[in-house]
Every structure is written in C-alpha cells, then in structure tokens.
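Counting from 1, the numbers follow the sequence of the chain as shown.
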Amino acid sequence: MRIILSIIVLISLGLYSVPYLIRDQAVIWLKGQGVENASFEKVDIHWLSGAVELLQLKAESDGVPPIKVGHLKVSVDYPSLLDKRVFINEVLISDVASGLHQQGDDLWLGPVNLSQFESGEKVEEPEGPPTEWKFGIANVNLSQISWSLDLPQHQQQLVIDNAGLNALYQWDESASTQLSIDALLNGARIKLDTDAVPLPDKKTSTIKLVLDQFPLQSVAKAWVPQLRGVLTTNLELSLDITGGTGQLSHAGSFSLDDFAWQDEQLTITDKRLAWKGKGSVELAQGDLQNIALDGALQNASIKVEQGTELALLMSQFNWKGGVNLLFADKLLSSIKGPQNLTVKDLKLRQSDLNISAATVTQNGPLNIQFEKGLPKQVKTQVGLNIAALDLKNPDVDLAAAQLSLASPLDISWQGSEIAGISAIPVVALQQLKLVQGGRLAVDLASADMSAAIKNMQVTQPVIDKIQLKGSALNVATIKDPLQLLQLKSLGLNNAFYSAKRISSDQVTLAGLKASYKQGQKPLSTIGEVRLKGILLSDLTRLVINDIRLKNSKTTISVTKKQAIKEIGALTKALATLEDKSAASVKKISTAKKASKGNNAAFTSRIGTLQLTGSNLVYIEDHSVKPTFKSTVDIKQLSVAKVDTGKGGLSPFSVKAAINKHAILTASGKMNLLGGAKNGDWKIDLKNAELPVVSPYAGKYVGYFLQSGQMDFSSSGTLKKGVLAGKNRIKLNRLEVQPAQNEATGNFNKTLSMPLGTAISVLQDSEDNIKLDLPVEGSLDDPQFGYQSIINRLASKGLKKAAFGFLTKALQPYGALISLASTAIDANKSGAFITLAPVNFAAGTNNSAADAGDYLGKISEMMVSRKGLRLNICGNAVKADRANVLVLLEKENKAKSKPLPPAELEVLVMERLQELASARGETVTTILLEKGIPKDRLFSCFPVPNLKDDKLKPGVVLGL
C-alpha cells in the first residue's frame with residue numbers, strides 16, 4: 001500500500017511539476033535564442049479536462065518588437081482520441097502583441113531570430129498510407145491580437161479585436177462552420193462573418209465582408225506600387241456548389257476612393273468608384289454557365305493620361321442596369337440586359353483631337369449573341385444623348401448644344417465579318433457650330449433626321465427613307481468674311497443613299513440668302529426653293545424632275561472694270577477655302593489619280609424649272625456714266641427638258657416687269673445646254689422707258705436718251721448656231737443728246753448722219769419711229785457681240801429706214817438724195833442729208849417748171865415729220881456768170897464812163913451773190929406759202945462757185 005501511495009505521490013508531484021518545467025525550459029530556450037528578458041506568469045495543465053493555459057508570456061529585447069501573450073488556452077477532448085480523432089474543444093488566445101521584422105538578412109519573430117533555424121538540407125517526408133486520424137475543432141476565440149509585419153516590401157499592422165471559428169470537423173462534413181473577424185488592418189476596420197459547409201462535395205457558404213476605408217497601397221505596393229486607393233465594402237457573398245455545379249452570388253456595395261495608377265506611360269485617377277447591386281456566377285461541372293449583374297456603378301472625377309498622346313477626364317461616370325452573360329461549351333454565347341449610362345463633363349484629348357461634352361447618356365436593352373466565341377448578332381435599342389458636344393482638331397472645330405440618337409440596332413456577323421446592319425435611327429441636333437481649318441464656319445440651329453437601314457453591308461452602305469428637317473443654317477467664310485448661304489429651314493423627304501444611287505422625293509429650302517457681307521444686300525434671296533424627283537446615278541448622271549423658286553431677290557452690281565461685284569466677292573471668299581498644305585495637296589493628287597479610271601462625262605437633266613411669285617432683279621452698273629440702275633420683276637418663268645446629255649430643245653416662257661411699267665413676255669425653245677444650238681423664239685416688250693438705258697446708249701452709241709418709250713418684238717430661229725429672224729422696234733417721242741465721245745463719232749460715221757437727224761427723218765406726226773431690223777449672224781463668230789448689233793442698228797436699221805422714207809416721200813426725186821461724206825463736209829453745208837436741188841434758169845431767178853411740185857413733196861414730208869429742219873442755200877455757178885457778164889457788159893457800154901475790167905468783175909460777183917440770195921429767198925417763200933413754219937427753214941450765206949463746171953444753177957436743200 002505504501003508503495004502504491006508513494007507512486008501516486010510521485011506521479012502527482014510529477015504532474016504538478018510539469019508546468020513549471022515547461023515554463024522554465026521555455027524561458028531557458030528563449031534566452032538561449034538571444035532574448036534578454038523572458039518570463040511566464042503561469043502555465044497550467046488541467047489533466048482531467050485536457051486543458052492547457054498560458055498566462056502572461058513575455059519575451060523582450062532592446063530595439064526589437066516583443067512577443068507578448070496575455071492568455072492562451074487549449075482544451076483537448078480525451079475520449080475522442082480513442083476514435084482516432086483530435087478534437088479540440090476550445091482555443092482561446094487574447095492580449096497578443098508580436099510581429100515579424102527583418103534586420104539585414106535575418107528574419108525575426110519579435111526578439112527571436114528565425115533565420116538561425118534554417119537548414120540547408122532538404123528534408124524528404126517518408127511516403128506511407130494516409131493517416132486514419134481526423135481533426136476537429138469546436139471553438140476558436142481570438143481577442144486583442146496585435147500583429148505587425150515590418151519587411152522591406154511589406155509593412156502591415158493587424159489588430160484583431162475579436163475573431164472566432166466554430167464547428168470545423170473532418171468527421172462531420174455536413175456541419176456548418178462559422179468564422180468571424182472584427183479587426184483593424186493598417187488602421188482600416190475589417191469585419192468578416194462566414195457560415196460555411198466547406199468539407200463535403202456539396203459546399204455552401206455565406207460570407208459578409210465589411211471594409212471601412214482600407215488603403216490598398218498598404219498591401220499592394222510590393223507587387224503593384226503604381227496602385228493607390230481606399231477600399232470600402234459591405235458585401236454578402238453566397239456559395240452553393242456541388243461537385244463543380246452550383247452558384248456563387250453577391251449582394252451589397254463597395255467603393256474605391258482616391259484611386260490612382262501611375263507608371264511611366266499611364267496615369268489613372270478616380271475620385272470615387274462605387275458599386276451597389278447584386279450578381280451571380282453559375283457553374284456546371286466546373287464550367288461557366290451564367291454571369292449576372294444587376295445594380296449601379298458610379299465614378300467621380302476620372303482622369304486618364306498617357307503621356308502627351310491621350311488624356312481623358314470625366315467628372316462623373318454612372319452605369320445602371322442588369323447584364324446576363326450566358327455560356328455554352330465553355331464559350332460565351334450571349335450578353336443580355338437593360339442598361340443606362342451617364343457621363344458628365346467628358347473631356348478627351350488624343351494627339352491633335354479634343355472632344356468634350358457636358359453630359360453623355362445611353363439607354364437601352366442589350367442583346368449580343370455569340371457563336372464559337374465570335375459575335376453572331378447584336379440587338380439593342382440605342383438611346384444616346386450628348387449635351388454641349390465640342391470636337392476640335394487642327395482642321396475642324398465642331399460644337400453642338402445637344403445631340404440625340406434613338407434607334408433599334410441589329411448587327412449580324414458571318415464568321416469574323418459583319419454581314420448586315422439594320423437600324424431605324426432618329427437623330428436630333430441643336431445649335432451646331434462647325435469651323436473648318438479657320439476658313440469656313442457653319443451654324444445650324446436645329447436638325448431632326450430619321451432613316452432606315454436594312455441588313456446593310458459595311459462595304460456597301462445603303463440608307464433608305466431618309467427624312468431631314470433643319471432650321472437656321474448659316475455658312476460663312478472666315479478669312480475674308482462673307483455669308484455664303486443662309487437658310488431659315490431645309491427639308492429632305494424620303495431620300496435614299498448608296499454608292500450607286502442617291503435620290504430624294506423632295507428637297508425644300510426656305511428663307512435662302514446667298515453671298516453677302518453683313519450690312520450689305522445679298523447676291524440673292526429666295527423665299528422658297530423646292531426640288532422634286534432628285535436622282536444621282538453613279539456620280540455621273542443627275543436628274544431633277546422639277547425645280548420651283550418662289551419670291552426671290554437678286555442684286556447685281558457691275559464695277560467700273562465691268563466685273564460683277566457680288567461674284568467677285570464670292571470668288572475671293574471661296575479662294576480662302578483652299579487648303580494649300582502639303583497633306584491636302586497630296587490628298588488632291590491621290591484623288592485625281594483615282595478619278596482617272598472614271599472617264600464617264602457628267603450629265604444632268606432638269607424636267608421643269610419654274611419661277612413664281614415676285615422675283616426681283618436689281619441691277620447697278622458703275623461701268624457707265626451715269627450709273628445704270630434698273631429693276632426686273634420676273635413674274636413667271638418656265639423652262640422644261642433641259643438635258644446636257646441629249647441636247648434636245650428646251651421649251652421656255654417668261655413674263656416680267658421692267659422698272660414696274662415695261663412688260664416683257666418671251667417664249668420658244670432652245671438648246672440651252674449642249675447640242676447643235678437650234679431653236680426658235682418670240683419676244684415682246686411693251687412700254688419700256690428709254691432714259692433708263694441712257695448710260696449704255698451714251699457709252700456704246702454716243703448719245704444719251706433724254707426721253708422716249710420703246711415697244712420691241714422679236715422672232716426668229718436658230719439653226720446650228722446661225723440666227724435668222726426679225727426685230728420690230730417702235731420708238732415714241734425719242735429725244736437724244738450727243739455724249740460727245742468717241743462712240744458718237746463712230747456711230748455717226750456708221751450711220752452717215754447724226755442720230756438726231758435720223759430721228760427727225762423717221763419720227764412721224766405722232767412722234768413714233770417704227771423699224772424692222774433683221775436678226776442675223778453666227779453665235780460662233782467671235783465678232784458677234786454688242787458692237788456688231790450697234791453696227792446693224794445704224795446701217796441696216798436707222799440708215800436704211802431713213803433713206804427708205806426719204807426716197808418714198810420725195811418720189812420721183814428721191815434718187816438724188818446724198819449724204820455728206822465727212823463731218824467736215826456736213827458742217828460746211830449745214831446738213832448731213834442733201835436733197836435734190838431746185839433748178840433755176842441760168843442767170844435768172846426763174847425756177848424750173850417742176851419746182852413747185854417738188855417743193856410740194858418736201859412740204860408734205862416736213863408736215864409729216866415735225867422734227868425736220870431744212871437748210872436752203874441758193875447758189876450761183878459758171879453758167880450764171882456768163883449770162884450776168886453779157887448783161888453787165890451791155891450796161892457798161894451804155895454808160896458815159898464805162899467801168900474798167902477789174903471793177904466790172906467785182907460788179908459781176910456782187911450780181912451773182914444777189915442772184916444766189918434771191919434764189920434761196922424764192923424757195924423759202926414757196927415753202928412758207930405751203931405752210932412750213934419759218935423756224936424750220938434756215939437760209940445760208942451763199943458763196944458763188946465758179947470753179948466746178950458740173951454745178952447747175954439752183955438752190956441746194958439739206959436736212
């Protein structure tokens with residue numbers, strides 16, 4: 001019995017001493033590792049319960065972190081050992097402070113150098129049958145754990161306030177295991193709660209993860225030092241997988257604040273990235289079946305920079321929607337789901353391109369189908385809106401207040417190539433401003449467009465049913481400011497576009513103004529332009545069935561150098577649009593080379609062209625003095641069948657008012673463009689005021705038209721470029737005044753008389769002049785122009801008409817009418833037209849027997865032509881001298897003192913002078929008796945002509 005008691009006492013003493021031995025050996029071991037101060041407050045072994053407790057373990061050395069364990073307790077279940085199970089009932093650890101740090105090449109755990117335990121020998125574990133022992137743990141509880149990591153690439157600080165692990169058993173795979181952590185990692189709160197069944201084939205788990213302002217760079221800088229950001233999460237993750245089949249899902253939110261990525265090439269910053277929603281991943285036998293997301297993603301103040309090549313800024317990026325990614329045979333088969341995208345304050349710079357927008361939104365469902373990993377079909381509803389769009393590059397500066405696009409979209413693929421595109425786009429645009437190359441500016445207040453695209457191939461674009469409405473379009477040059485075009489509205493109806501054909505049922509332009517400087521009159525304004533039936537085929541044939549213009553105004557100003565001011569300004573402004581840069585020249589050269597293969601001539605056809613309403617043409621010509629000013633109002637104009645390709649005859653008709661009162665009508669048919677220059681015409685002009693064209697008459701004819709009206713009619717034909725026709729002119733109360741310029745002399749020379757004289761001859765008792773002037777000449781003759789028309793008017797019009805009238809009025813004496821050969825001769829005689837003289841008997845004042853009849857015809861002519869003035873000039877000739885000399889010699893002989901020969905000759909000349917004067921007076925008296933007013937009869941100072949043997953005694957009459 002003593003022996004048994006002694007054994008029991010020895011065992012009890014041994015068991016009691018073990019904790020102290022362990023404590024002392026541990027302290028000795030720690031000090032053996034270089035620890036300066038090592039201590040245990042207490043080590044307890046509860047042999048009956050299987051629990052071991054350690055209290056207040058301390059291991060400290062100067063200059064290094066300590067190892068402190070306030071409380072450690074491990075409890076083992078003895079009975080489970082009989083079933084080959086290591087079952088730990090409880091693990092309790094609290095008040096722990098320690099960490100790993102590196103000094104030189106050594107790694108330290110607190111004050112213990114771990115590097116000394118490293119062995120160069122590689123230990124191979126013996127192979128054997130798998131162990132039958134199983135492990136299990138009922139409860140692990142950690143609290144007040146402080147752990148630091150201080151390595152060259154890793155500095156971490158973990159403080160676990162509370163952590164727990166419950167129910168992890170290898171022998172009970174269906175048991176639910178819980179893990180929870182409430183800690184601070186690098187100053188950020190982390191909460192993790194899990195409930196999982198991780199051991200059986202059917203694995204389920206629920207994880208709740210909460211991070212509060214966790215700095216990513218604190219753990220990522222060793223591997224990705226470019227990354228910075230603060231992560232906050234509130235997520236719940238669920239896992240339900242059996243043999244590789246099941247689902248992984250999440251719900252909740254996460255945010256990434258002050259995100260940054262910076263390396264040598266790329267810089268990315270994001271003030272805030274936040275996600276809130278849910279998602280899931282479905283697996284079948286380990287293969288992806290479905291990925292689903294439903295929630296909202298928000299970004300704030302995004303900035304991306306790639307050197308000087310790329311810069312992207314967004315103050316806000318928001319995405320909301322639901323997306324499902326379906327997989328088949330390990331490949332993506334479809335993407336489906338509604339989505340809503342909003343971008344604010346977008347700014348993009350890439351090389352020389354700058355794009356900005358206040359907001360960009362995109363709404364619509366998305367449906368993408370894949371086949372063998374390649375896209376097969378995309379179906380979506382596009383709902384794009386862009387506010388304050390701005391696009392700039394060295395050549396283009398574009399801005400739009402609002403741009404929106406709505407359309408169903410269907411894209412199909414054949415292999416890797418797009419097979420077809422279908423869409424019905426509706427586009428709305430507000431306040432578009434475009435500046436091209438600092439040369440051209442385009443402003444558009446608004447535009448609405450719709451179209452239809454059906455199974456279109458990318459290489460062969462086809463767009464149908466195009467509708468367009470626009471308002472307030474302005475196109476202007478910048479370097480030489482000129483408003484090229486201004487439109488109040490424009491419309492395009494049912495248009496079609498393809499590489500081979502461009503067409504439209506109707507194009508309407510309203511409120512058109514063309515070519516003008518601010519504050520000046522436009523070259524042209526048109527109330528409305530309407531084009532119907534437009535077809536452009538192969539870029540070589542243009543057909544327009546009908547063109548209608550209504551209520552237009554056109555201003556034409558001719559400069560002193562005979563150039564049209566408005567056209568000159570337009571040409572000068574258009575010249576500033578030429579891009580003379582090397583790149584542009586190269587493009588033009590390439591385009592010319594490419595166009596050499598297309599030798600087809602461009603042709604066009606217009607079915608009908610009509611002007612209606614009031615179409616005013618204002619003309620100012622400063623090349624003449626005074627300035628010519630006129631207004632033409634085209635009331636109606638119609639031209640049909642104009643074709644540059646066929647050259648057929650084009651019927652035309654026009655009705656216009658000139659300066660309000662003159663009415664012009666014309667009709668006929670002509671080869672207006674191309675062809676053999678055939679046709680016919682008929683023109684009528686009534687009540688045209690002639691003083692209006694006086695500046696042209698003064699310049700080209702040499703006479704100003706002081707007053708008068710004209711009626712004009714013309715008809716004729718054109719055959720192969722040769723004119724044949726007749727002009728009929730009626731002039732009423734025409735009065736002219738010589739301009740005393742070179743043209744006056746040239747015209748008089750051609751006419752052989754002053755124009756005023758011709759007018760006096762031609763004007764009837766009602767002050768009318770009627771002329772028939774033939775139209776003849778070849779359009780191909782380079783001399784055919786205004787000068788040839790003036791020559792025809794002078795020689796074949798006025799001159800022929802005047803001589804025709806005189807010849808007829810003075811029959812049978814008209815054959816003796818003659819013209820002064822020069823202006824000098826006319827000035828000497830006082831007349832440009834010399835009529836047949838009144839004959840007298842030699843040496844007497846007795847007129848010929850037919851003088852009365854002849855002077856009667858002259859009287860009738862002067863009565864019918866009130867403007868005629870008659871010069872009456874009596875003469876004395878050689879035949880008169882002979883008779884007068886005989887009579888004077890008889891008288892001289894009868895005198896008591898005859899005159900000497902010299903004095904007698906003086907007396908002869910006096911008698912001849914008296915005879916000539918008497919003859920003129922006789923004719924004047926006869927004409928006065930016949931009712932001709934004296935103020936229309938002019939006498940001359942007669943000078944006897946004794947040198948010309950051909951002269952006959954008489955009276956010379958001249959107009």
Side-chain angles (χ1 to χ4, degrees), residues 549 552 554 556 608-619 621 628-642 649-672 677-697 700-701 705 707-719 722-736 759 762-764 766-777 779 784-786 788-790 792-794 796-798 800-801 804:
L549 285 78
S552 66
T554 301
I556 300 175
T608 57
L609 169 63
Q610 295 187 25
L611 270 69
T612 59
S614 176
N615 299 280
L616 298 171
V617 181
Y618 300 100
I619 303 172
D621 190 348
F628 170 77
K629 295 183 179 181
S630 182
T631 302
V632 179
D633 186 358
I634 303 174
K635 303 291 186 181
Q636 182 178 348
L637 171 66
S638 176
V639 182
K641 299 179 181 179
V642 180
L649 297 179
S650 302
F652 69 89
S653 65
V654 62
K655 182 177 181 181
I658 302 175
N659 300 323
K660 294 184 179 180
H661 305 296
I663 304 300
L664 171 69
T665 58
S667 61
K669 50 185 178 294
M670 286 286 174
N671 294 110
L672 296 177
K677 298 180 182 178
N678 296 322
D680 59 69
W681 75 88
K682 183 177 181 181
I683 302 173
D684 284 296
L685 177 63
K686 303 291 185 183
N687 304 321
E689 294 290 342
L690 293 177
V692 176
V693 297
S694 189
Y696 290 113
Y700 297 112
V701 181
L705 308 183
S707 65
Q709 289 185 352
M710 178 180 72
D711 291 345
F712 173 81
S713 64
S714 177
S715 61
T717 61
L718 177 65
K719 293 183 179 180
V722 178
L723 291 165
K726 187 176 183 180
N727 292 337
R728 178 162 292 177
I729 304 172
K730 178 184 176 183
L731 304 172
N732 180 247
R733 295 190 177 183
L734 176 62
E735 292 185 12
V736 299
I759 291 171
L762 293 175
Q763 278 185 335
D764 60 18
E766 296 179 351
D767 295 331
N768 291 327
I769 298 175
K770 297 179 181 179
L771 298 174
D772 289 329
L773 183 65
V775 180
E776 57 187 24
L779 297 180
F784 185 82
Y786 71 87
S788 64
I789 295 174
I790 291 174
R792 284 177 173 80
L793 175 64
K796 294 188 177 181
L798 296 171
K800 184 177 180 180

When rounded to the nearest 0.5 Å, the distance separating OG1 of T665 from NZ of K635 is 14.0 Å
Sole residue of N659, L616, V617 in side chain to side chain contact (heavy atoms under 4.5 Å, CB included) with V632:
V617
Working to the nearest 0.5 Å, report the span between CE of M710 and NZ of K686.
11.0 Å
Mind listing the closest non-hydrogen atom pair of M670 and F652 along with its distance?
CG-CE2, 3.7 Å
Can you give me the closest heavy-atom contact between F712 and I729, atom names plus distance?
CD1-CG1, 3.7 Å
Using the side chain to side chain contact (heavy atoms under 4.5 Å, CB included) rule, take I663 and N687 through it: C-alpha gap first, then chi angles, then the decisive distance, then the call.
CA-CA 7 Å; I663 304 300; N687 304 321; 5.6 Å; no
Set out, in order, the CA-CA distance, both residues' side-chain angles and the distance that settles side chain to side chain donor-acceptor pair (under 3.5 Å) for D680 and T717, then state yes or no.
CA-CA 4 Å; D680 59 69; T717 61; over 6 Å; no
Distance in Å, Q709 CD paired with K730 NZ, rounded so as to fall on 0.5 Å steps:
9.5 Å
Is there side-chain contact between I658 and L685, with at least one heavy-atom pair below 4.5 Å?
yes
Any sub-3.5 Å donor-acceptor pair from N615's side-chain atoms to S552's backbone N or O?
yes
For the student: nearest non-hydrogen atoms of G708 and E689, plus distance
O-OE1, 3.6 Å
Rounded to the nearest 0.5 Å, the CG atom of L664 sits from the CG atom of D684 at a distance of 8.5 Å
What's the shortest heavy-atom distance between S650 and K641, and which atoms?
OG-O, 2.8 Å
All heavy atoms of P691 vs all of S707, minimum pair found to be CG-CA, 3.6 Å
Pick one: which of L637, T612, L609 meets side chain to side chain contact (heavy atoms under 4.5 Å, CB included) with L549?
L609
Work out which heavy atom in A724 is nearest to a heavy atom in W681; give both atom names and the distance.
O-CH2, 4.3 Å
How far does OH of Y618 sit from OG1 of T554, to the nearest 0.5 angstrom?
10.0 Å
